[in-house]
Amino acid sequence: MNLELTIQNAVIDAVKALYQTDVTAEQVQIQKTKKEFEGDVTVVIFPFVKMARKSPEATGQEIGEYIQGRQSEISAFNVIKGFLNLSINTSFWIDMLNEIALQPTFGNAGVSENSPMMMIEYSSPNTNKPLHLGHIRNNLLGFSISEIQKANGWKVVKTNIVNDRGIHICKSMLAWKLFGNGETPASSGLKGDHLVGKYYVVFDKAYKAEIKQLMEQGMTEEEAKKNAPLILEAQKMLLAWEQNDAEVRHLWETMNGWVYEGFDATYKQLGVDFDKIYYESETYLEGKSEVERGEKSGAFYRRDDNSVWADLTGDGLDEKLLLRADGTSVYMTQDIGTAKLRYNDFPINKMVYVVGNEQNYHFQVLSILLDKLGFEWGKSLVHFSYGMVELPEGKMKSREGTVVDADDLMEEMIQTARETSEELGKLDGCTEEEKAGIARMVGLGALKYFILKVDPKKNMTFNPKESIDFNGNTGPFIQYTHARIKSVLRKAAEQGINFGTKIENQLAISEKESYLIQLIAQFPAVVKQAGEEFSPALIANYEFELVKEFNQFYHDFSIMREENEALKKFRLQLSASVAQVVKTGMGLLGIEVPERM
RNA sequence: GGUCUGGUAGCUCAGCUGGAUAGAGCAACAGCCUUCUAAGCUGUGGGUCUCGGGUUCGAAUCCCGACCGGAUCACCA
């Protein structure tokens, strides 16, 4: 029972009968009738006026008359300018609501044994400092699109490649060794990742001081940066790490261990997780052999200094280094290796990288290189590219101390939610445990929704003060509506009203109600589109529209005071369906919805 | 400079596969709590959809150009 399809076919038939012209389904544009006009569904009739050789109004009238006589769902129609507005029988809407309410997984296609598999890489942190606001956007987007793809029938493997080796972690290690006095997370009370991050900053400060000193002794800035004792020492450490020096390896394992404990806590609080974690220390040597194979096959070439390059000028790009003259690999080489590794480890049908838009070029190149190496999946890699998070003062700069720390931010959101809830008296009569749970759901809901509602590909501004907002187009507004519906449903259950059964369709329902049903019915299509476009924002904005619409409805009717029992059951059923779609939709965004708040 | 990307209300954003009078939220102002949760609802004010051309019945939406902003073009990852 697809309304759009039915009407589309009816219009095609009408045009053929009336004007002896065949039109395709694409030419029949159908949309929800705008609220200010009468009717439920609108057909745009401009495409047919030439065939009819009549005015838009006359054409609309003719088509309207033709299809009303033949389609029982259509109870009335009107024509305004070139728009044919059709009113649909209330019994049709009630049938539709009945159908929706009987589907336990409405809007979520679910995964089956032979579903295709999608691997989604996200998060991918460095182990030298804690997660910040930019990572939050990455993690939320990665988690959300994973959920959305699952709802669209993909098996999803969430993966994280941890950048656990390299000069950056050596810097933290060195600073800790020199200035740390054996400080540990336990002794300092600091979260592991914060402790390691602290020493990264210590290194940077000391390093800068050395540079300054060397410059005063007459070196240029460039020379000073290369020759400062600290950086030389850090490079020595990296070399020792690569040669498996026992002491360095031990320190590295210890400090990374601290970081992982810290990251785990942050991930847990954010509500994200992974199915498979790759560590760069275990994969960074992959890819070299692939590049060498590519050189033999002629896809890449070797220069006189022994470095290996790919010439992409034919693709409108530059030349790209793949192996240094000393034979070591670069970022791109590693990514070639890990891509191959992943396709060996899992039967992947699609690989998605959730990585910021500053790496657009990198992934464009990666895709071409893999293709040149003969991997049939090379071209099909998806770089899910998202924009930067900026602060009102501009970009986050760690040097200027304007980085918004992920843990601090989440804590602040939860705290504010707690205070606001208490001010409003929402938490009266709750146990301490319930209070904490609600504050957590609301605070994090606000943060997640704020970030996910904006188009991923756009840069966004995050105002830490203003974003702690629970009014308007926010997560808490949606959560609140859910809680209120649940409250009504509880009350109905107490009174023993059974609204879970089929609703009779001899009812007079309002246009607002049929509009709501139409909106609910749209949900699966929204989920599908969100999957195709990798856009949690689509779902977020849909949820807001639905909830806003419901709130208006809610204020127009007193469900529990309704005396017509059949109508009361219908409205309860409608409310329950809205709550269901809210819960499912918010779930796709990784946002929990409380039963009460 | 090359490539990519964005420019919609004072602010944050929807709308962009062309359709009706361009929508929300925030902020401002005015109303609504003896009725299922007021984190709500209703109303008012606020727009040269950056600018200029083109395509057509119709353009915020598509095309071309200009202007402004961001990213990137590393033997960093």
Side-chain angles (χ1 to χ4, degrees), chain A residues 26 29 31 33-34 36-37 42 44-47 49-50 56 80-83 85 124 126 161 163 165-168 280 284 305 307-309 316-318 320-326 328-332 334-335 356-362 364-365 385 387-388 390 392 395 417 420-421 423-426 442 446 450 453-455 457-463 466-467 469-481 483-492 495 529 537-538 540-542 544-545 547-548 551-562 568 571-572 575 596-597:
Chain A
E26 284 85 60
Q29 299 172 51
Q31 48 198 251
T33 302
K34 291 203 164 206
E36 54 270 36
F37 301 103
T42 295
V44 182
I45 62 117
F46 288 107
V49 296
K50 263 190 192 148
I80 297 169
K81 294 190 186 173
F83 299 91
N85 301 320
S124 309
N126 290 352
I161 179 150
N163 189 0
R165 47 134 254 135
I167 192 74
H168 56 271
E280 201 189 273
Y284 80 110
D305 69 355
S307 57
V308 178
W309 295 73
L317 303 171
D318 298 324
K320 189 79 196 171
L321 176 88
L322 298 175
L323 286 177
R324 295 189 186 100
D326 64 6
T328 56
S329 48
V330 294
Y331 178 37
M332 186 63 75
Q334 293 172 29
D335 259 7
N357 63 12
E358 74 270 15
Q359 292 194 37
N360 286 354
Y361 182 73
H362 173 80
Q364 201 185 345
V365 171
S385 161
M388 314 268 89
E390 288 164 13
K395 280 175 207 158
T420 308
S421 301
E423 267 169 38
L424 293 169
K426 299 284 182 189
V442 173
F450 186 88
K453 79 173 176 189
V454 337
D455 185 344
K457 68 172 183 288
K458 286 190 177 175
N459 288 356
M460 66 177 290
T461 308
F462 184 88
N463 187 331
E466 284 176 19
S467 64
D469 192 354
F470 305 109
N471 303 316
N473 187 358
T474 63
F477 169 56
I478 296 169
Q479 291 171 319
Y480 170 69
T481 305
R484 221 173 30 193
I485 291 173
K486 284 294 182 181
S487 168
V488 174
L489 299 184
R490 272 195 300 272
K491 194 142 291 185
Q495 293 180 18
Q529 204 188 342
L538 226 48
N541 287 303
Y542 165 82
F544 177 66
E545 190 192 342
V547 161
K548 188 165 165 51
N551 267 324
Q552 291 167 14
F553 159 82
Y554 178 90
H555 283 269
D556 285 353
F557 303 103
S558 295
I559 298 170
M560 295 312 291
R561 282 195 301 139
E562 175 59 50
K568 189 192 274 185
R571 287 182 178 158
L572 285 167
S575 302
R596 64 185 85 218
M597 66 183 268

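A note on names: the letters A, B, ... follow the listed sequences, proteins ahead of strands, and every chain is numbered from 1.
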Discussion item. Measuring only the C1' atom in each nucleotide, how far is B:C63 from B:G2? A whole number of Å is fine.
Written reply: 22 Å

Discussion item. Can you classify the ring geometry of A:F46 versus A:F83 as parallel (below 30°), tilted (30 to 60°) or perpendicular (above 60°)?
Written reply: perpendicular

Fill in: All side chain to side chain contact (heavy atoms under 4.5 Å, CB included) counterparts of A:T328, not counting sequence neighbours
A:R324, A:D326

Worksheet, complete the sentence: Nucleotide by nucleotide, nucleotides 27-32 of chain B touches protein heavy atoms under 4.0 Å in the pattern (B base, S sugar-phosphate only, - none) ------

Worksheet item: Counting any heavy atom closer than 4.0 Å, what does A:S421 reach on the DNA or RNA strands: base, sugar-phosphate only, or nothing?
Response: base

Discussion item. I'd like the C1' distance from B:U61 over to B:G15, given in whole Å.
Written reply: 9 Å

Response to the item:
Between CD of A:E358 and P of B:U72 the distance, given in whole Å, is 6 Å

Worksheet entry | Syn-anti status, with the boundary at 90° from 0, for the nucleotide B:C63 | anti

Worksheet item: Any side-chain donor-acceptor pair under 3.5 Å between A:Y331 and A:Q359?
Response: yes

Item to complete: Starting from Watson-Crick (N1-N3 plus N6-O4 or O6-N4) and G-U wobble pairs under 3.5 Å, report the runs of at least three that RNA chain B belongs to.
Response: B:1-7 with B:67-73, B:10-13 with B:23-26, B:28-32 with B:40-44, B:50-54 with B:62-66

Worksheet item: From B:U37, B:A77, B:C41, pick the nucleotide closest to the side chain of A:F477?
Response: B:C41

Fill in: Qualifying residues under salt bridge (charged side-chain N to carboxylate O under 4.0 Å, His left out), relative to A:D469, sequence neighbours excluded
none

Practice prompt. Quote, to the nearest angstrom, the C1' distance that separates B:A59 from B:G54.
Written response: 11 Å

Worksheet item: Quick one: is B:C76 close enough that its OP1 or OP2 comes under 4.0 Å of any side-chain N or O from A:R324?
Response: yes

Discussion item. Over all strands shown, is A:D305 touching base, sugar-phosphate only, or nothing at heavy-atom distances under 4.0 angstrom?
Written reply: base

Discussion item. Taking only the C1' atom of each, what is the distance from B:G10 to B:U3 in whole angstrom?
Written reply: 35 Å

Fill in: Nearest-Å distance once atom P is located in both B:A22 and B:G46
13 Å

Worksheet item: So, for A:Y480 and A:F470, is the gap between ring centers shorter than 6.0 Å?
Response: no

Item to complete: For A:R490, report the nucleic acid contact type (base, sugar-phosphate, nothing); a contact means any heavy atom under 4.0 Å.
Response: nothing

Practice prompt. Figure out the CD/P separation between A:Q359 and B:C73, and round it to whole Å.
Written response: 10 Å

Worksheet entry | Distance in angstrom units between A:E390 CD and B:G70 P, rounded | 9 Å

Discussion item. When you measure from the side-chain N and O atoms of A:T420 to the phosphate of B:A39, is any distance below 4.0 Å, counting only OP1 and OP2?
Written reply: no

Worksheet item: Counting distance only, does the side-chain N/O of A:S487 pair as donor-acceptor with the main-chain N or O of A:A483 below 3.5 Å?
Response: no

Item to complete: For B:C26 versus B:A9, give the span between their C1' atoms, rounded off to a whole number of Å.
Response: 12 Å

Worksheet item: Side-chain donor or acceptor of A:T481 under 3.5 Å from a matching atom on the base of B:A39?
Response: no

Expected rows: protein N/O vs nucleotides 2-5 of chain B N/O, under 3.5 Å:
none

Discussion item. Just N and O in the side chain of A:Q552: are any of them under 4.0 Å from OP1 or OP2 of B:U42?
Written reply: yes

Practice prompt. Look at all strands and tell whether A:F557 reaches a base, only sugar-phosphate, or nothing, counting heavy atoms closer than 4.0 Å.
Written response: base

Item to complete: For nucleotides B:C13 and B:G31, find the distance between their C1' atoms and express it as a whole number of Å.
Response: 28 Å

Worksheet item: How does protein contact run along nucleotides 12-24 of chain B, one letter per nucleotide 5' to 3', with B for base contact, S for sugar-phosphate only, - for none, heavy atoms under 4.0 Å?
Response: SSS-B--BBS--S

Discussion item. Please compare A:A325 and A:F470 by the position of their nearest nucleotide in RNA chain B and report the one closer to 5'.
Written reply: A:F470

Item to complete: May I have the distance from A:M597 (atom CE) to B:A38 (atom C1'), rounded to whole angstrom?
Response: 13 Å

Item to complete: Take the protein atom NE2 of A:H362 and the nucleotide atom P of B:U72, then report the distance between them rounded to whole Å.
Response: 14 Å

Item to complete: Would you classify A:V442 as touching base, sugar-phosphate or nothing, given that sugar-phosphate means primed atoms plus P, OP1 and OP2, and contacts are heavy atoms under 4.0 Å?
Response: base

Discussion item. Would you measure the distance from the P atom in B:U21 across to the matching atom in B:U5 and give it in whole Å?
Written reply: 32 Å

Worksheet item: Atom OH of A:Y331 and atom P of B:A77: how far apart are they, to the nearest Å?
Response: 10 Å

